[in-house]
Amino acid sequence: MQALDDLSQNVHLLLERYQALQQENARLREDSERQRNELIRTHSELLELQQQNRRIATANAMSAAEGKEEALKRINALIAQVDRAIGALKR
């Protein structure tokens, strides 16, 4: 009779542990799914930011090129003014 009671207690304990493990497994699956969704969202955000960064870098490169052209025009205009001033002083 004692062996039957021990077996019954062991089965009961086993079922309790099994249920606890099932609950833990369900919690871990939910947590995994949440993290997976967060990873997907973060990856999408990263790709969007990388595209934005490339657009900004391209815009800055174009702006710098335009700035160089403007600076060159201003320098040429200043050189022309200095040449005219020198020419006026020589007369």
Can you find a heavy atom in the side chain of Gln81 that is under 4.5 Å from one in the side chain of Arg84?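 The answer is yes; the side chains approach within 4.5 Å.
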
Not counting sequence neighbours, which residues clear side-chain hydrogen bond (donor to acceptor under 3.5 Å, both in side chains) with [X]? List them please.
X	answer
Gln22	Tyr18
Arg27	Glu24
Gln51	none

Spacing of CG belonging to Asn76 relative to CZ belonging to Arg74, to within rounding of 0.5 Å: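 One finds 11.5 Å between CG of Asn76 and CZ of Arg74.
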
Please, which pairs that meet salt bridge (charged side-chain N to carboxylate O under 4.0 Å, His left out) have at least one residue in residues 43-59, sequence neighbours excluded?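 Counting only pairs at least two positions apart or across chains, the salt bridge (charged side-chain N to carboxylate O under 4.0 Å, His left out) contacts touching residues 43-59 are Arg41-Glu45.
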
So does Leu28 get a backbone contact from the side chain of Ser32, meaning a donor-acceptor N/O pair under 3.5 Å?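 A pair under 3.5 Å: no.
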
Going by atom type alone, with no hydrogens or angles, which donor-acceptor pairs under 3.5 Å involve a side-chain atom of residues 6-17 and a protein atom two or more places apart or on another chain?
| unit_1 | atom_1 | unit_2 | atom_2 | d |
| --- | --- | --- | --- | --- |
| Asp6 | OD1 | Gln2 | NE2 | 3.1 |
| Asn10 | ND2 | Asp6 | O | 3.4 |
| His12 | NE2 | Glu16 | OE2 | 2.7 |

Criterion side-chain contact (heavy atoms from CB on, under 4.5 Å) on Gln35 and Asp31, from CA distance to verdict: CA-CA 6 Å; Gln35 289 179 358; Asp31 197 31; 3.7 Å; yes

Fellow cluster residues of Ile79, listed by chain then number, with links counted only when side-chain atoms sit under 4.5 Å apart: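 Members besides Ile79, by chain and number: Ile75.
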
